[in-house]
Novice: 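Shown below is the structure under consideration.
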Number of protein chains: 2
Amino acid sequence: MSELTRNQSLVLDALQSDFQPASAYTLLDRLRDHGFKAPLQVYRALEKLVESGLVHRLESLNAFVACQHDGCGRHRAAAFLICEHCKSVTEFDHARVQRAIGASAKDAGFTVRRSVIEVEGCCAACEGRDTG
Amino acid sequence: MSELTRNQSLVLDALQSDFQPASAYTLLDRLRDHGFKAPLQVYRALEKLVESGLVHRLESLNAFVACQHDGCGRHRAAAFLICEHCKSVTEFDHARVQRAIGASAKDAGFTVRRSVIEVEGCCAACEGRDTG
DNA sequence: GAGGGAATGTAATAAAATAACATCTGATTT
DNA sequence: AAATCAGATGTTATTTTATTACATTCCCTC
Ligand SMILES: [Zn+2]
Ligand SMILES: [Zn+2]
Ligand SMILES: [Zn+2]
Ligand SMILES: [Zn+2]
């Protein structure tokens, strides 16, 4: 991605200030101080950011999260561990998972463009706290 | 699942008549002839059907599809190949994928409850037709 | 400084999901 | 049979998420 525009930077900063997932409307509220007034301002920025790999969309939450490591922009794939208790989201290494998906897809003659991998459960920290 | 209620049967039939994914509102429209009038009638039926494994929710499409094989009700996991051209959805064998996810999750000390695996791309039939 | 493309602003609307509350149904108990 | 209770339904209103449509501005190039 060439250079971020003002709105794109604002949205990215909002997401990076706190690596929790945020909905478009949550971001809108956070950015009202900066002059944001309408959903489209957020959605348009997110579209570019997701396209560039700086932000990922979590399909199962209708939410967005800043990429936690460089590289997604290049290899265009990500996988997430989503804790149902503390709502934390961790990007994890998906090489193995991608290989497994690739093998299954190949069996079906299917060409993969993008994989959505979102694992819901309980993170290590929360597992320690309660038994949940 | 014990026994399906009338509304649940209607929704399941609508989904099975055509194994294409359908949104809740599409189902509502299809079922107006049968007396459906409000979204909740569909959502409530879907909730039970998904719970029982007879229907799966596609997070990346905000849509629902009938399970294509027995067994999901038991092992509570499913993975999908979604063709972007013909919109067809195929449930695929996820044993390998689940193992890969399990391994990655274990590394992170994460306990898996449910996995969302939705692979977008091009199916064999469409690949044959156009070059897309 | 005129043209053109990308980014932005703004209002309106569509699509997806849930909340709240009333009613009905059928089984179970007394 | 009457009382009770849980689950399923019906209905209206509302919330949350996402897009359409159109006017305007900004920046680069010619
Ligand atoms: Zn990433
Ligand atoms: Zn946690
Ligand atoms: Zn299934
Ligand atoms: Zn296809």
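Note that the structure is a prediction, hence the values are computed from the model and not measured. Computed from heavy atoms alone, side chains included, the values below leave out hydrogens, waters and symmetry copies. A note on names: the letters A, B, ... follow the listed sequences, proteins ahead of strands, and every chain is numbered from 1.
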Novice: Could you list where the contact with chain B starts and ends along DNA chain D, reading 5' to 3', using a 4.0 Å heavy-atom cut-off?
Specialist: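 So the outermost contacting nucleotides come out as D:dA8 to D:dT12.
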
Novice: Please give me the minimum heavy-atom distance between B:Phe110 and A:Ile82, naming the atom from each residue.
Specialist: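 Looking at all heavy atoms of both residues, the shortest contact is CZ-O, 3.3 Å.
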
Novice: So which heavy atom on B:Ala124 is nearest to which on A:Ala108, and how close?
Specialist: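 For B:Ala124 and A:Ala108, the tightest heavy-atom pair comes out as CB-O, 3.9 Å.
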
Novice: Let me know which of A:Thr26, A:Leu27, A:Asn7 forms a side-chain contact (heavy atoms from CB on, under 4.5 Å) with A:Val42.
Specialist: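 Output: one option passes, namely A:Leu27.
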
Novice: Grab the two heavy atoms, one from A:Gln16 and one from A:Ala66, that are nearest each other, plus how far apart they are.
Specialist: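 Nearest heavy atoms, A:Gln16 then A:Ala66: CG-CB, 3.7 Å.
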
Novice: Got a sec, which residues hit side-chain contact (heavy atoms from CB on, under 4.5 Å) with A:Ala79, two or more places apart in sequence or on another chain?
Specialist: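 Partners of A:Ala79 under the side-chain contact (heavy atoms from CB on, under 4.5 Å) test: A:Phe92, A:His94, A:Ile117.
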
Novice: Which heavy atom in A:Lys87 sits nearest to a heavy atom in A:Gln20, and how many Å separate them?
Specialist: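 Closest approach of A:Lys87 to A:Gln20: O-NE2, 3.5 Å.
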
Novice: For B:Gln8 and B:Glu3, which heavy atoms make the closest approach, and how far apart are they?
Specialist: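 It is OE1-O, 4.1 Å.
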
Novice: Closest approach of A:Lys37 and A:Arg32, non-hydrogen atoms and distance?
Specialist: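 Looking at all heavy atoms of both residues, the closest pair is O-NH1, 3.7 Å.
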
Novice: To the nearest angstrom, how far is A:Phe36 atom CZ from C:dA7 atom C1'?
Specialist: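 For the pair A:Phe36 CZ and C:dA7 C1', the rounded distance is 12 Å.
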
Novice: What is the per-nucleotide protein-contact pattern of nucleotides 10-25 of chain C, from the 5' end, where B denotes a base atom under 4.0 Å from a protein heavy atom, S denotes such proximity for sugar-phosphate atoms only, and - denotes neither?
Specialist: B-----BBBBB-----

